[in-house]
Number of protein chains: 2
Amino acid sequence: MKLSTKTQSFVMHFGEMGSKWGFNRTVGQMIALMVIHEKALSADEIAEALSISRGNVSMGIKELQSWRLVQVQHIPGDRKDYYTTVGDLWQMARTVFEERMKREVEPTLSLLRSQLMDSADNDKEAYALQQMQEIHDLIEMLTQWSASLNSLKPETLQSVMKLGAGVTKVLEFKNKFSNSEK
Amino acid sequence: MKLSTKTQSFVMHFGEMGSKWGFNRTVGQMIALMVIHEKALSADEIAEALSISRGNVSMGIKELQSWRLVQVQHIPGDRKDYYTTVGDLWQMARTVFEERMKREVEPTLSLLRSQLMDSADNDKEAYALQQMQEIHDLIEMLTQWSASLNSLKPETLQSVMKLGAGVTKVLEFKNKFSNSEK
DNA sequence: TTAAAGTTTCAGTAAATTCTGAAACTTTAA
DNA sequence: TTAAAGTTTCAGAATTTACTGAAACTTTAA
């Protein structure tokens with residue numbers, strides 16, 4: 001499988017960025033390849049297209065499956081496994097977001113909760129705990145907010161986003177209305 | 001400088017998570033230390049508290065300055081540099097968000113734009129380009145939306161967040177209103 | 001102006017992560 | 001049942017990233 005120049009640089013770029021997005025180079029390349037390739041790919045095709053070892057592909061697929069980004073597809077009469085991305089791009093973006101929250105935020109929330117269980121021994125620690133409390137509250141708020149938005153259906157979410165900072169106007173309006181109601 | 005047990009585990013946790021958040025272990029520990037320590041710290045104090053080399057602290061400070069998270073503070077009659085976090089925790093969260101967008105998203109947007117400049121040579125490439133266009137549009141929408149929210153003042157942003165998925169109700173209401181106006 | 005105190009840099013080393021490839025394991029058609 | 005095709009695992013090699021510590025540089029008080 002030969003990649004066109006444009007395809008090639010797209011795939012390589014996702015490799016470079018991969019580490020910033022929570023996976024390693026080859027995993028980044030793999031998901032990029034699957035996204036721009038309409039048909040499902042076998043592990044061998046992936047290895048060939050990216051010039052990486054068969055073992056590495058297998059590791060990468062496992063990783064992408066743990067991210068819920070890739071799934072197996074079977075072709076009748078062919079016992080090979082073929083892999084494709086799960087859902088459309090919107091769905092994938094949501095999934096990546098959810099998984100990153102789970103991996104990057106949840107462990108911290110749970111550490112903070114346990115630290116905040118008991119109280120401070122001295123002034124210095126009191127300040128530290130106060131900061132931890134603030135961080136906890138902030139993260140929790142962001143988490144709940146994003147979870148509630150993520151539960152909207154794509155179209156709705158899209159119109160909310162289009163509104164942008166315009167929400168505030170709607171907010172003011174809502175306040176005015178609910179006041180006049182009383 | 002000796003750290004209490006709670007402080008210690010907070011700092012170490014930020015070290016572990018650091019890599020998932022875009023910096024390395026010691027940089028993560030450093031920012032955690034500064035956040036829970038009320039007074040500004042000298043490089044030597046940081047090195048001692050974390051048992052890391054002086055050179056490493058210097059590197060880490062440079063990194064945190066490039067993230068706009070840490071600034072120098074001078075104490076009259078003392079020629080040493082002391083370091084503190086920039087702004088309150090809300091401000092820091094915004095800054096981290098902005099910097100991560102800049103580092104994790106902008107390069108991809110710009111690659112996609114350049115790829116989309118010219119057209120496809122064949123069907124396979126046409127599909128690839130179509131996917132790239134979709135990714136581009138999606139990222140751009142998210143970017144603009146988050147930028148517009150980030151421009152709100154903290155209190156406003158907070159009430160928008162508290163509203164959560166409730167925005168949709170307000171949205172419907174707004175639609176009804178603007179229709180009846182016409 | 002100088003020397004002591006403070007700060008930064010960076011070459012080399014250490015540690016962590018990623019990748020390869022061969023061996024072990026699994027599946028299925030004959 | 002077996003052997004060929006397909007798949008997965010994992011120990012060690014390669015690569016990348018982080019860290020140390022000593023040397024170079026900068027600042028300032030005398």
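Heavy atoms only: backbone and side chains are in, while hydrogens, waters and symmetry mates are out. Only a predicted model underlies this, so the values are computations on that prediction, with no experimental measurement involved.
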Ile61(B) CD1 to dT9(C) P, straight-line distance once rounded to whole Å: 11 Å

List, with names and distances, any nitrogen or oxygen atoms from the protein found under 3.5 Å away from nitrogen or oxygen atoms belonging to nucleotides 11-19 of chain D.
| unit_1 | atom_1 | unit_2 | atom_2 | d |
| --- | --- | --- | --- | --- |
| dC19(D) | OP2 | Thr26(B) | OG1 | 2.6 |

Any Leu41(B) side-chain heavy atom under 4.5 Å of Tyr82(B) side chain: no

Please give, in whole Å, the distance from dT8(D) P to Leu64(A) CG? 14 Å

Any Met12(A) side-chain heavy atom under 4.5 Å of Gln29(A) side chain: yes

Give the stems involving DNA chain D, where a stem is 3 or more consecutive Watson-Crick or G-U wobble pairs (i with j, i+1 with j-1, and so on) under 3.5 Å. C:1-30 with D:1-30

What is the distance, to the nearest angstrom, from the CG atom on Asp81(A) to the C1' atom on dG6(D)? 9 Å

To the nearest 0.5 Å, atom CE of Met132(A) lies from atom CG of Leu116(A) at 7.0 Å

Atom CZ of Arg54(B) and atom C1' of dA24(D) are separated, to the nearest Å, by 15 Å

Would you say the side-chain atoms of Ser148(B) and Asn150(B) include a donor-acceptor pair closer than 3.5 Å? no

dA4(C) C1' sits how many Å from Lys80(B) NZ, rounded? 14 Å

Measure from CD on Glu45(A) to P on dG6(D) and round the result to the nearest Å. 12 Å

Closest-nucleotide 5' rank along DNA chain D - winner of Gly55(A) and Val57(B): Gly55(A)

To the nearest angstrom, the NE2-P distance between His74(A) and dG6(D) comes to 14 Å

Trp21(B) side-chain N/O to Glu104(A) backbone N/O, donor-acceptor pair under 3.5 Å: yes

Output one line per pair: protein atom, nucleotide atom from nucleotides 27-30 of chain C, and distance, for all N/O pairs under 3.5 Å.
none

Flag side-chain contact, heavy atom, 4.5 Å: Ser9(A) against Gln115(B): yes

Do Ile36(B) and Met34(B) sit in one hydrophobic cluster, given that two such residues count as connected whenever their side-chain heavy atoms are within less than 4.5 Å of each other, even indirectly? yes

Under a single-linkage definition using a 4.5 Å side-chain heavy-atom cutoff for Ile, Leu, Val, Met, Phe, Trp and Tyr, are Met30(B) and Val86(B) assigned to the same hydrophobic cluster? no

Can you confirm if the NZ or CZ of Arg100(B) lies within 45° of the ring axis of Trp67(B) and under 6.0 Å from the centre of its six-membered ring? no

Would a distance-only check, ignoring hydrogens and angles, find a side-chain to backbone donor-acceptor pair under 3.5 Å from Thr7(B) to Leu3(B)? no

Assign Asp44(A) to base, sugar-phosphate, or nothing according to its heavy-atom contacts below 4.0 angstrom with the strands shown. nothing

Does either side chain, that of Gln91(B) or that of Thr95(B), offer a donor lying less than 3.5 Å from an acceptor on the other one? yes

Once you round it to whole Å, what is the distance between C1' of dT7(C) and OH of Tyr83(B)? 8 Å

